[in-house]
Structures are given as C-alpha cells and as structure tokens.
Amino acid sequence: MRRKASLILLAAAVFCTALSPLLRWYAFPRLAKVPPSQYQDTVLVAEPATLVDYGTMKAKKVPRLTVVQTLKGDVAAADRIERTADRDVVVWDALTYVAGPDGKMVSQIPERYIFDAHSQEPVHATGESVDGDAVRRDGIEYKWPFLVEKRDYSYYDPQTRTAAPIHYRGTRTFHGLEVYYFEQTIPWTKVPLPKKLPVKGITADSVRKMGTTRWYTTKRMFWVDPVTGAPVNGEEIHKEELRGGDLLPGGGKVTAFAGHVKMRPDYVDAVVALVSSQRTLVLLLTSYLPWGFLTLGAVLLALSLTLEARARRPRPTDPAPAARPVVSGGP
Amino acid sequence: MRALTAAAAGLAAALLLVLTVTAIGAPDGTTSPKPLRTTVPAHP
C-alpha cells in the first residue's frame with residue numbers, strides 16, 4: 001500500500017516540477033499577448049496652454065487644453081493580417097483628439113498601428129498609417145513589451161513619422177507600483193500639418209501652398225509597469241510653431257501649441273487599477289505558479305521518498321521468526 | 001522500473017496540460033462597437 005502511494009506521489013512530484021519551467025518558458029511566451037479586441041481611452045490635460053488664433057495668427061493663452069487618446073483593436077483586420085504574417089497580430093486604430101477649452105476640435109490625428117501581439121514589434125502590412133499617410137514603423141508605440149528591460153527602446157513618434165531612442169532613466173515608485181521611467185526628447189523638427197485643422201477653409205494643403213511650415217519639439221515621459229509593459233502615467237512637454245510663408249511673412253513664427261500635458265488624475269487611477277490586475281495575471285505565469293509548482297514538486301518528492309524508505313524498512317511490529325522448539329533428549 | 005513509469009506518467013501529464021492550454025489560448029473577442037472618442041469624457 002505504501003509503495004503504491006509513494007509511486008503516485010512521485011508521479012505528482014514530476015508533474016509539478018515539470019510544470020514549473022514549462023509554464024515559465026513555454027506557456028508564458030505563447031499565452032501573454034495583447035488582446036486584439038482591446039478598447040482603451042486616456043485623457044490628458046495641459047493647464048494652461050498656448051494656442052494659435054488662426055484669425056489673427058497670434059498665440060493666445062488658454063486655461064485648459066485636453067487630449068483624448070483612444071485605442072481600438074480591429075479584430076477582423078488582425079485576423080486578415082495574421083493569415084499572411086503567420087503570427088498573432090494586433091491592429092490598433094488610434095485617434096489623438098485635441099480639444100480646446102470650449103471642447104471644440106483643435107487637431108486630430110488618426111493612426112493605424114499594427115504590431116506583434118506577444119513582442120509588440122511593429123508588423124508591416126497595408127493600412128499602417130499616420131493621419132492618412134502610409135508609414136513604416138520601426139519602434140514600439142503606446143506599449144512596451146511584456147517584462148520590460150532596464151534599457152533604451154526605440155519609440156515611434158507619429159508627428160515626425162520616425163523612431164528615436166527612448167531612454168531608461170531609472171526605477172520609480174508610482175501609486176505604490178514599482179515602475180521604470182523613460183524619457184524621449186525630439187528636437188525641433190519640421191513636421192506635416194494635421195489633415196484636419198480647426199478653421200473652415202484652411203487645410204494642410206492651403207497652408208503648405210502659402211509656404212508656411214509646422215515645427216515641433218517634445219519631451220515625452222512615461223512611467224511603465226515593467227511586468228505588463230503598460231504605461232501607468234505619461235506626460236509631454238510639447239511645443240509647436242508655424243513658421244514663415246505668406247501667413248507669417250519676413251521669417252516670422254508663432255506658437256501653434258505649447259503646454260505641459262499630463263494624464264488626468266481620474267485616468268491615472270483607472271489605468272493603475274487596470275494595470276495592477278493585468279500584472280497579477282502575468283506574475284501568475286512568470287513567478288507565482290512556476291515557483292509554487294517547483295516547491296510543491298520538491299515537497300511531494302520528499303514525501304514519496306519517505307514513504308518508499310518506510311516501505312522498505314522492516315516493520316517493528318512484525319513477529320520475530322519463531323524459535324525452533326528445543327527437543328530435549330531422554331536420559 | 002515502476003518508479004520510472006510513474007515519473008514518465010507525471011511528465012506526460014504536465015506536457016499534455018501545457019500543450020492543451022497553449023493550443024486553446026485566449027479568445028480573440030470582437031471589435032468594440034464604441035467609436036473613437038471626439039469628445040472629452042467626464043470620467044474613465
């Protein structure tokens with residue numbers, strides 16, 4: 001009976017011990033992925049901000065400017081691309097909508113971002129775009145890969161349509177979470193005007209024909225959860241200028257937008273709560289379950305060996321071999 | 001010999017479980033019907 005139990009315990013010990021590395025190095029890389037159906041919005045505000053008044057072509061201070069960023073996964077498009085890409089793909093339709101203090105549109109930039117669901121590497125397929133222009137991304141955007149490393153990453157800037165390094169600047173504590181802080185600075189760069197402008201009759205083409213150009217610089221900051229790779233906070237010190245042409249003769253320039261954009265506090269709380277729950281799921285596969293199964297496997301193995309040893313030891317209650325009766329001889 | 005069989009059975013069960021779980025994977029879900037936002041939401 002003890003032998004049978006020790007064999008069952010041995011099988012269970014091997015089961016648990018084998019599960020530990022299998023979960024961490026086989027299951028986790030295959031199961032951890034960004035769901036293709038994700039929908040998420042984030043609100044950032046700049047208080048105060050500077051905006052151009054297109055009527056006078058002069059900069060004016062406004063009390064508040066709001067940036068609403070939406071990410072929406074297109075499942076059908078992801079399925080279609082997966083057939084040729086031969087890997088799990090996510091297609092995000094993103095919209096960065098900037099609203100003035102009256103809620104009216106200041107600018108809006110749509111994007112289509114296609115990436116590998118596991119590694120977050122960009123996938124190049126038809127439809128990849130920024131503001132209607134076909135692009136070819138060579139850096140991450142919006143999200144870091146799972147299990148973020150303490151190193152610089154290449155981060156895609158949709159305004160310049162290029163990727164540039166985003167530098168790891170250390171570990172911080174944010175709302176009780178240990179996060180990695182990243183910074184990217186884009187120097188003054190000439191960038192295309194958004195296709196949709198807030199004034200009727202003025203389009204990106206008409207401004208371009210007048211010879212006026214748009215320039216932009218930004219310092220982008222992200223606090224990233226190292227487990228899920230999701231940013232829990234983002235800030236941007238953003239400046240845009242319109243320069244020269246018929247609108248600003250004599251090489252003049254005007255601030256089109258300037259402000260320190262920060263995530264709205266209620267959205268910070270919501271993102272931290274969301275990331276905390278996802279973090280537990282990732283930690284379950286990378287840490288809790290592998291270490292738990294390994295420990296359980298060791299305990300079960302010890303138990304199995306103990307039982308086996310006891311089964312081999314002679315039982316103290318066993319009767320001693322009966323002594324042969326001494327037959328006493330007769331006289 | 002019996003110990004070896006028991007160990008092999010444990011290993012096979014672990015492999016089977018992990019392969020099945022990864023083959024099934026997580027469901028893809030469907031595209032959200034919610035539009036891309038062009039208004040400022042009052043709360044998350």
Side-chain angles (χ1 to χ4, degrees), chain A residues 3-4 6-20 22-23 26-27 29-31 33 35-39 41-43 45 66-79 88 93-95 97 99 103 105 108 110 264 266-267 269-271 273-274 293 297 304 308, chain B:
Chain A
R3 285 235 158 136
K4 199 171 180 182
S6 80
L7 285 174
I8 291 169
L9 284 173
L10 177 66
V14 173
F15 174 79
C16 291
T17 312
L19 264 188
S20 172
L22 280 171
L23 281 175
Y26 184 85
R30 286 161 180 81
L31 291 176
K33 63 174 189 173
S37 57
Q38 189 164 353
Y39 181 96
D41 55 12
T42 312
V43 175
V45 288
T66 311
V67 181
V68 185
Q69 214 165 47
T70 320
L71 301 173
K72 179 177 169 175
D74 185 334
V75 179
D79 280 347
D88 290 331
D93 285 322
L95 182 69
Y97 184 89
M105 190 266 281
Q108 59 175 29
R264 212 169 72 184
D266 54 345
Y267 272 86
D269 294 341
V271 170
L274 176 71
F293 276 119
S304 161
E308 181 65 21
Chain B
M1 185 62 195
R2 281 193 299 172
L4 214 60
T5 312
L11 185 63
L15 278 170
L16 190 71
L17 178 69
V18 169
L19 289 175
T20 309
V21 169
T22 50
I24 294 167
D28 281 352
T30 52
T31 303
S32 170
K34 288 193 268 184
L36 295 168
R37 281 190 180 277
T38 53
T39 53
V40 180
H43 51 79

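Each chain gets a letter, A, B and so on, in the order its sequence line appears, and its residues count up from 1. Just so you know, these numbers come straight off a predicted model, no measurement behind them.
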- Query: Would you call B/Leu19 and A/Tyr26 a side-chain contact if the rule is heavy atoms closer than 4.5 Å?
  - Reply: yes
- Task: Let me know if B/Ala42 has heavy atoms under 4.5 Å from chain A in its side chain, its backbone, both or neither.
- Result: backbone
- Sort A/Asp41 into side chain, backbone, both or neither according to what part of it lies under 4.5 angstrom from a heavy atom of chain B. side chain
- If one checks every heavy atom of B/Thr39 against chain A at 4.5 Å, the contacting part turns out to be backbone
- Query: Is chain A contacted by the side chain of B/Thr30, its backbone, both, or neither, given a heavy-atom distance below 4.5 Å?
  - Reply: backbone
- Task: Could you tell me which of B/Val18, B/Leu36, B/Thr5, B/Val40 has the largest number of non-hydrogen atom pairs under 4.5 Å with chain A?
- Result: B/Leu36
- Message: Which one wins on heavy-atom pair count under 4.5 Å against chain A: B/Ala8, B/Gly25, B/Ala26, B/Ala7?
- Response: B/Ala7
- Looking only at A/Gln38, A/Lys72, A/Arg30, A/Glu308, most heavy-atom pairs under 4.5 Å shared with chain B are made by A/Lys72
- Query: Contact part of B/Pro27 toward chain A, heavy-atom cut-off under 4.5 Å: side chain, backbone, both or neither?
  - Reply: neither
- Message: Measuring from atom CZ of B/Arg37 to atom CD of A/Gln108, what distance do you get when rounded to the nearest 0.5 angstrom?
- Response: 14.5 Å
- Of the non-hydrogen atoms in A/Tyr267 and B/Pro41, which two are nearest, and what is the gap between them? OH-CG, 3.1 Å
- Query: Is there a donor-acceptor pair closer than 3.5 Å between any side-chain N or O of B/Thr31 and the backbone N or O of A/Val75?
  - Reply: yes
- Message: Does any backbone or side-chain atom of A/Ala77 lie under 4.5 Å from a heavy atom of chain B? Answer side chain, backbone, both or neither.
- Response: neither
- Message: Is there a side-chain contact between A/Leu22 and B/Leu15 in this structure, where contact means two heavy atoms from C-beta onward sitting under 4.5 Å apart?
- Response: yes
- For residues B/Asp28 and A/Lys33, determine if any side-chain heavy atom of one lies less than 4.5 Å from a side-chain heavy atom of the other. yes
- Under 4.5 Å to a heavy atom of chain B? For A/Asp79 that would be side chain
- Query: Backbone N or O of B/Pro35 within a donor-acceptor pair of the A/Tyr39 side chain at under 3.5 Å?
  - Reply: yes
- Message: Among A/Ala78, A/Ala27, A/Ala270, which residue has the highest count of heavy-atom pairs closer than 4.5 Å to chain B?
- Response: A/Ala27
